[in-house]
J.: 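The structure follows.
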Amino acid sequence: MDIHLTTGNALINMYAKLQSLAESEWGESDRRKVFDGMSERTVDSLFAGQLSKENKDAQAISANTVLRRFVDIFPQLGSCFDSRSRIGSRVDSCVKKGDGKRWAEARHIYFSAILPIFAQYVDVAKGKEIHGYVIRYSFEKDMYVSSSLINMYSRCSRVEDSIRVFKVTPQRDIISWNSVIAGCVQNSMFDKGLRLFRQMLRDNVILGSVSFSSIMPACAHLTTLNLGKQLHGYILRCGFDDNVFISSSLVDMYAKCGHIRIARWIFDGIKGRDMVSWTAMIMGCDLHGYAQDSISLFEQMKLEGIRPNHVALAAILTACSHASMIDEGRRYFDQMTEEYGIRLGVHKNVDLAEKVVTKIFEIDLENTDDQSHPQHDEINDAIRELLEKMEQAGYVDDTSEVPHNVDDEQKKYLLYGHSERRAIAFGIMSTPAGTTIRVIKNIRVCVDCHTVIKFISEIVVRDNSRFHHFRDGECSCGDYW
DNA sequence: TTAGGGTTAG
């Protein structure tokens, strides 16, 4: 019988999805047969099954193929994909020429499918042209199109634009929320991401697994262990703990929040660990000074047939560097280029260096001592008391890290003001004996404070570089510092 | 019927 339009489209879609399955016996020819048997076809017939996520993941169809087909249907869009000319004027001119009927066929579906390609290639100029078109033809209220736009802008580091799109979307579903929250978190706007997450909870939105894997990195980066634990409980109640995205993000969160053993326990329980899971664990071990574990994990990962990417290589090279393992480091460096074909990047970026320097000079460098803490004087007394005991135990101050141009006595005084030792003194005086004190610092601990902490106690300090487990006058970083 | 969101970094 003649294949009816929507039935035919549905069949094509089915064959396309079957084709994307591993070792599928279905192929292009099955789709073709249905397509050829249809007396009436539309744009949908051409695209059925082609733009689905399953197909993209399986790479059954490349981004370029999608674009080529898209341009076949809408030749006016060609300029948007392969040249610098503006799409907007072309759209208008082809509508004027009476070609508007074809554009009317361009339903929102294609735009929500095409935008992720610009997100992937980080091409905000082309993404914006599509956005203009979306507005002109009133597709912007569609949740699919809007979440594609949110994602495109945030992948291009334009979070403000993402949030703007989110705010003007009249109806929001879980994917709209996840898109904007993930956008904030991926662009290091962790507080904003958490605020939106809480607002989503207040709005009684039912969370999905993606909601958790999107927000968890915020807890990891902010070292907010309590919040991370609450989310972990939530995850267990939802039964999402077998999701590899979520378990990898939990490994990372617990490692960054100081619980390396819990991180390892979660990692060991992951079924179907992928490269990201391994890399998160490798970095976690390194963060805690267990470089040898990082190396054995890396080797084990390779044995399991998982090919490391540039992030995994960065992780293992960092581990070698922290443990002063020069031979291993060189071996991995050679493997990186020879076996894995990874080239060096970043490096010698003068433009970036200039931007950073400009920012640094905008900061008031003289303004470092903040004395506003209500127990400022008590903390001073506690530090003085600790110092006396430390000096009896053999502590000698090291003022080499004090950059100010003052005499040695002044420098010694400046060291008293360092936030890490003040935090420890405050922790000791305000908690019962035996309480775990967690100190989180946003810059690297100073070398003298590092010595001081070794004298004070069995203590764990996390600075911007790593965890320092101080015990019996030794530190887990092996004084690599 | 076709379409949108997620984990790892020096």
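So that the names make sense, note that chain A is the first sequence line, chain B the second, and so on, each numbered from 1. What you see is a predicted model; the values in this text were computed from it and never measured.
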J.: Figure out the CH2/P separation between A:W278 and B:dA9, and round it to whole Å.
T.: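 Distance check: A:W278 CH2 to B:dA9 P gives 18 Å.
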J.: Expressed as a whole number of angstroms, how long is the span from A:F190:CZ to B:dT7:P?
T.: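 The distance from CZ of A:F190 to P of B:dT7 comes to 11 Å, rounded to the nearest Å.
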J.: Which whole-number value in Å describes the distance from A:N309 CG to B:dT8 C1'?
T.: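 One finds 8 Å between C1' of B:dT8 and CG of A:N309, rounded.
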J.: Report the distance from atom CG of A:D242 to atom C1' of B:dG6, rounded to the nearest whole Å.
T.: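 Rounded to the whole Å, the gap is 15 Å.
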J.: B:dG6, OP1 or OP2 - any side-chain N/O from A:R155 closer than 4.0 Å?
T.: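 Checking B:dG6 against A:R155, a side-chain N or O does come within under 4.0 Å of OP1 or OP2.
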J.: Given B:dT7, B:dT8, B:dT1, identify the nucleotide with an atom nearest to the side chain of A:T6.
T.: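 Side chain of A:T6 sits closest to B:dT1.
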J.: What contact category does A:S146 fall into here, base, sugar-phosphate, or nothing, at under 4.0 angstrom with non-hydrogen atoms?
T.: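 Nothing, no nucleic acid heavy atom in range.
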J.: Which listed nucleotide (B:dG6, B:dT8, B:dG4) is nearest to the side chain of A:H221?
T.: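 Minimum distance to the A:H221 side chain belongs to B:dT8.
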J.: Measure distances between side-chain N and O atoms of A:D142 and base N and O atoms of B:dG4, and say whether any donor-acceptor pair falls under 3.5 Å.
T.: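 Between B:dG4 and A:D142, which were checked side chain against base, a qualifying N/O pair under 3.5 Å is absent.
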J.: Taking N and O atoms by type only, does the side chain of A:T318 place a donor or acceptor under 3.5 Å from a partner on the base of B:dG10?
T.: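 No.
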J.: Between A:D334 and A:R331, does any side-chain N to carboxylate O distance fall below 4.0 Å?
T.: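 Looking at A:D334 and A:R331, the cut-off is not met.
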J.: In whole Å, I'd like the distance from the CZ atom of A:F139 to the P atom of B:dT2.
T.: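 After rounding, the gap between these two atoms is 18 Å.
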J.: Quick one: label A:L149 by what it contacts on the DNA or RNA (base, sugar-phosphate, nothing), any heavy atom closer than 4.0 Å.
T.: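 If one applies the 4.0 Å heavy-atom cut-off, A:L149 turns out to touch nothing in the nucleic acid.
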J.: Please check this pair: side chain of A:S147 against backbone of A:M143, looking for a donor-acceptor N/O pair closer than 3.5 Å.
T.: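 Side chain of A:S147 to backbone of A:M143, a donor-acceptor pair under 3.5 Å: yes, one is there.
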J.: What integer distance in Å separates A:F298:CZ from B:dA9:C1'?
T.: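 Value for this atom pair: 14 Å.
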J.: Could you check whether the rings of A:F190 and A:H221 sit parallel, tilted or perpendicular, using 30° and 60° as the cut-offs?
T.: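 If you compare the ring of A:F190 with that of A:H221, the planes turn out parallel.
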J.: In terms of relative ring orientation, are A:H288 and A:F467 parallel, tilted or perpendicular, with 30° and 60° separating the classes?
T.: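 Correct class here is parallel.
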J.: Looking at B:dG4, B:dT8, B:dG6, which one has an atom nearest to any side-chain atom of A:Y144?
T.: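 In terms of side-chain proximity for A:Y144, the closest of B:dG4, B:dT8, B:dG6 is B:dG4.
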J.: Is the phosphate of B:dG6 approached by A:N151 (side-chain N or O, under 4.0 Å from OP1 or OP2)?
T.: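 Answer yes for this pair, as a side-chain N or O of A:N151 is under 4.0 Å from OP1 or OP2.
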J.: With a non-hydrogen cut-off below 4.0 angstrom, is A:V244 in contact with a base, only sugar-phosphate, or nothing?
T.: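 The answer is base, as A:V244 lies within the cut-off (heavy atoms under 4.0 Å) of a base atom.
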J.: Is any side-chain N of the basic residue among A:K302 and A:E299 closer than 4.0 Å to the acidic one's carboxylate O?
T.: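 Salt bridge present between A:K302 and A:E299.
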J.: I'd like to know if the side chain of A:D203 reaches the main chain of A:V205, judged simply by a donor and an acceptor atom lying under 3.5 Å from each other, with no hydrogens or angles considered.
T.: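 Pair absent, no side-chain N/O of A:D203 close to backbone of A:V205.
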J.: Base, sugar-phosphate, or nothing: which does A:S321 touch, judged by heavy atoms less than 4.0 Å apart?
T.: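 A:S321: no heavy atom of the nucleic acid under 4.0 Å.
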J.: Any base atoms under 4.0 Å from A:A315, or only sugar-phosphate, or nothing? Heavy atoms, all strands.
T.: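 Nothing, no heavy atom under 4.0 Å.
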J.: Choose from B:dG6, B:dG4, B:dT8 the nucleotide whose nearest atom is closest to any side-chain atom of A:K256.
T.: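 In terms of side-chain proximity for A:K256, the closest of B:dG6, B:dG4, B:dT8 is B:dT8.
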J.: Quick check against the 3.5 Å criterion: does A:S154 have a side-chain atom that pairs as donor or acceptor with the backbone of A:V159?
T.: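 No; zero donor-acceptor contacts below 3.5 Å.
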J.: If you check the A:N9 side chain, which of B:dG4, B:dT1, B:dG6 turns out closest?
T.: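 Given the options B:dG4, B:dT1, B:dG6, the side chain of A:N9 is closest to B:dT1.
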J.: What's A:M281 touching, base or sugar-phosphate or nothing? Going by heavy atoms closer than 4.0 Å.
T.: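 If one applies the 4.0 Å heavy-atom cut-off, A:M281 turns out to touch nothing in the nucleic acid.
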J.: If you only use heavy atoms from C-beta on, which nucleotide in B:dG6, B:dT7, B:dT8 is closest to the side chain of A:V311?
T.: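 Of the options given, the side chain of A:V311 lies nearest B:dT8.
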J.: Determine whether any donor atom in the side chain of A:S213 lies under 3.5 Å from an acceptor atom in the base of B:dG6, or the reverse, and answer yes or no.
T.: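 Indeed, a donor on one side and an acceptor on the other fall under 3.5 Å apart.
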J.: Using whole Å, what does the distance between atom P of nucleotide B:dG4 and atom CD1 of A:I174 come to?
T.: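 Going from A:I174 (CD1) to B:dG4 (P), I get 17 Å.
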J.: If you check every side-chain atom of A:I246, which of B:dT8, B:dG6, B:dG4 has the closest atom?
T.: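 The nucleotide sitting nearest to the side chain is B:dG6.
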J.: Side chain of A:A10 only, please: which of B:dT1, B:dG6, B:dG4 is the nearest?
T.: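 Nearest nucleotide to the side chain: B:dT1.
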J.: Can you tell me how far P of B:dA9 sits from CD of A:Q186, to the nearest Å?
T.: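 Spelled out: CD on A:Q186 to P on B:dA9 is 12 Å.
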